[in-house]
Structures are given as C-alpha cells and as structure tokens.
Amino acid sequence: MLGEVLQWKYPADAVLSHWFRAHANAGLRDRGEIAEAVFDVLRHLRRYRQFAEIGAGSGTRRLAVLGLAAVWPRETLDTGLEAHERAWLDHVLSLSAAGLPRAVRHSMPDWLDERLAALPDAESLLRALNAPAPLDLRINPLKAEREALLAAWAQGPEARWAARPTPYSPWGIRIQGRPPVNRWGAFERGEIEVQDEGSQLLAALVAPRRGEMVIDYCAGAGGKTLLLGALMRSTGRLYAFDVSAARLARAKPRFARSGLSNIVPVAIAERNDQRVKRLRGKAHRVLVDAPCSGLGTLRRNPDLKWRQHPESLAQLCETQAAILRDAAACVMPGGRLVYASCSILPEENERQVEAFLAGHPEFSLLDAGAILADRGIEVALDGPFLRLRPDVHGTDGFFAAVMQRAKAGRPAVDEAGAGRADADKPGNDEAGDGEPACGASSASAPAMDAPRAADEAAEEA
C-alpha cells in the first residue's frame, strides 16, 4: 500500500481509504496506526530515503519500518523484523539529522525549500509543517453553543479527548487525538463539523448579514458555506458555486444535516457561466477560497509537497487570477470581496491581490485585523492581510484579503478607511453575534488526514 501511495497517482488519503475498504477486517486501532505510519513517511520522506539507501532488501519496506517506528513501541515492531533489520534500525535511529542540508532535514523538495526559505522564521515554519495537526471542530451556531457543548462533553465519554476552545475562532473546538467524530451524536445532529480554525475565520471576514445575497464562489466540500449560512441565520440567499457537480453532491448531506434552508448549490462552468453572468453586480458579499497548492495544509496533507511542482503552481496562479476576476464582477457597489487560499506562498496570496487591485481600481483593500477585532476576534497581524501559520497561530497556513467595491459615483479610496467602512460595522441585523474547489483541485476545504480516512473507510465497510 505504501508503494501505491509513493506512485503519486492519487492523493494519499484516497489510497488509504481504498485500501481500508479492501481490508475490512482490520480493526479501527490498526487502521489508525497504519495511517499514521504512512503519513509519517510522507512527512519525512526525503530524510528517510537518505537513511534507507543503506541496508538490504526492499527500500519501500525500510521506509515502512521507519514509519512504523514512529508509531509503534519498539518491542512491538521488533517482533516483525529480521535480525539484520533490527540492527539497521538501531543504526538509523542513532543518526543525527542536524548536519543534513535543510531541504533533506525537513524533507522538502528543493524548489519548495527555496521558496519557504524566503519567508520569515523559515526554520520554525518548516518544523511546524512537518508536525501532525490537532483536530479542529466547529459548532453550528444555529444548533449549538460552544460552552454548553464543552460542558456536556466534559461529563461524558468525550472527556478523554480533552476538548477546549480554539484561541481565535468563537465557534471552534480543538481536540487532541483522533476520535471517530463522525459517529458522535453532536455530529449526527448537525451540531458540529470538522473545520480548521483558520478556515473558520474566513467567515468572520465575510461577515454576512441576514437577508443578504452571498456567494461562496468555490464552495468545494461546503465547510465555509455552512458557517456563512448559519451566520445569516438561514435567511437571504447563499449560492454555493463549484465547477464540480460531484463535490457539491457530496456536500448536500452536510447541508441537510445543518438545518439550513438558504443554500443554493450551483455547478458552474470554469469560465463564462451564464448563471454567474446573471449575478453580476448583485451580491453583497463574495468569498473566493481559490484553488491553490494547499501547501499551508502540509500537516494534514504531507503528500502535497511531493505532488506539486513549479509548473503546476504556475497553472494554479493563472486559474486563481481568472477566478478572482470573474467573482469580483458579481460584487455589488459597496459590497465586499474576500480572496483566500490555504497556501503560504506569496505568488498565490499577496501577489495575486496586488495584481488584481492594480487592474481594478474600483476595489480597495480593507484591514483584516480591524474587521476581526470588530467581531471580538483578536489576531496579531502584520499589515492588512490575514496570514496564519502553524508555528505562530496553531492553525493551517491560511491567507485572506478583504476588498470593498466603491459605491456608485464614489472613488474606491473613500471606502477603504482604516478597515472599518460602513459594511464592516456590526448592526442589529448582523447574524452570529454570539458566535475546495473551483477550477482545480484545492486543499482549502477541511482536509481528510490519515486517521479520518481510516474512520471513513471503517464506517463505509
């Protein structure tokens, strides 16, 4: 199975899910440990391959042994190893990675190592991207209150998972470990969803109000759509656009479980869709969670760093620019446009926004930190963009920029202010006061990491 993953034909979680369905007799614990071992190999593949160059037998088996060594107690692992393999493992585990080149030490392809090295505190970021992520949940504000749910879990079987509030999102809950959340009563009742805290904050930047027309332009799996709909208190109209009808079909059970009635899923063409054209200049708010490299989610999807390459990145950047232009046309005068990605690379983030603003003077940049602060969310940011990093904020790597279209007859600069234009000010009609995707494959939807792939396959089996 590891050999199939390393062919890079399919995403790792898809290969794992297929393998678990074919081996239905494997227990839930075994599935979790196998998945963790595979993902450990993917996180540290370049370093492990260097270590695996020595030794006899299959190189893939040696990689698997190193992955299992990170998951199983040594005495358990030794029962399945030959004497020469135990000696080889002893030698490898005695080696220090400190003297290895940075790209090998942190197991990054050269092209990605070069790009990440240009970012601030690169060593800290690289370490964090190779660490497993916690599990973030989000309450459904229509059906649950975070404090009440946490209190109930503290007295129930969920207590073993030490659930606690996320530090930034007022809707988030963080859990250590990998419980089968999809079997919890709160999940089945539509009270919680799996969603990284960084992704949750995008809804706060959109800040939808009751009765508005809102477009989630790249709805993907629907996680952000669900939160936007709840903040609108199931009023108005919320379009969930995506070029993949299959993705939208998979999201429909989530929409139904949520209790929302204002979501309109629409499968659109990649370019020149007539339904999109009919909405030009009509939407109060548009969210573009653009298809991207997903490199901010390497904690959950470590295979992405081996599946992406500079050529695919260049193609993604072209797609992002086209989608942003099309989505912006739907924003009404005085309306809001939020561009986001789960990448940490400037060419997918700041440079995309700067190029868009240069060609669209009717839009002006707002201060993301000020918008979050107006909603009681304090995040220390350097500049007007939302930039989240796993080593600084404990979230996946996320980026967002908030832009506002000038009102008819007024220059855009008048609307920029300090990020607190009229559309940003909370009013009595603003919902939620207590409170992947188009054009290409995107990792911005909640990632199904290895343990969740094991849980899903077990449920289907």
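These values consider heavy atoms only, across backbone and side chains, with no hydrogens, waters or symmetry-generated copies.
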Would you call [X] and [Y] a salt bridge, taking side-chain N to carboxylate O under 4.0 Å as the test?
| X | Y | answer |
| --- | --- | --- |
| Arg105 | Glu123 | yes |
| Glu188 | Arg257 | no |
| Glu347 | Arg115 | yes |
| Arg174 | Asp136 | yes |
| Arg300 | Asp396 | yes |
| Asp113 | Arg102 | yes |

Inset, instruction - Classify the ring geometry between Phe241 and Tyr239 as parallel (under 30°), tilted (30 to 60°) or perpendicular (over 60°). - result: tilted

Inset, instruction - Classify the angle between the aromatic ring planes of Phe399 and Phe385 as parallel (below 30°), tilted (30 to 60°) or perpendicular (above 60°). - result: tilted

Rounded to the nearest 0.5 Å, how far apart are [atom1] of [X] and [atom2] of [Y]?
| X | Y | atom1 | atom2 | result |
| --- | --- | --- | --- | --- |
| Asp382 | Arg387 | CG | CZ | 6.5 Å |
| Leu287 | Tyr217 | CG | OH | 12.5 Å |
| Leu68 | Asp40 | CG | CG | 9.0 Å |

Inset, instruction - State whether the side chain of Gln195 and the backbone N or O of Leu137 hold a donor-acceptor pair below 3.5 Å, judged by distance alone. - result: no

Got a sec: does the [atom1] of [X] have more than 12 other heavy atoms crowding it under 6.0 Å?
| X | atom1 | value |
| --- | --- | --- |
| Phe187 | CZ | yes |
| Asp90 | CG | yes |
| Trp161 | CH2 | yes |

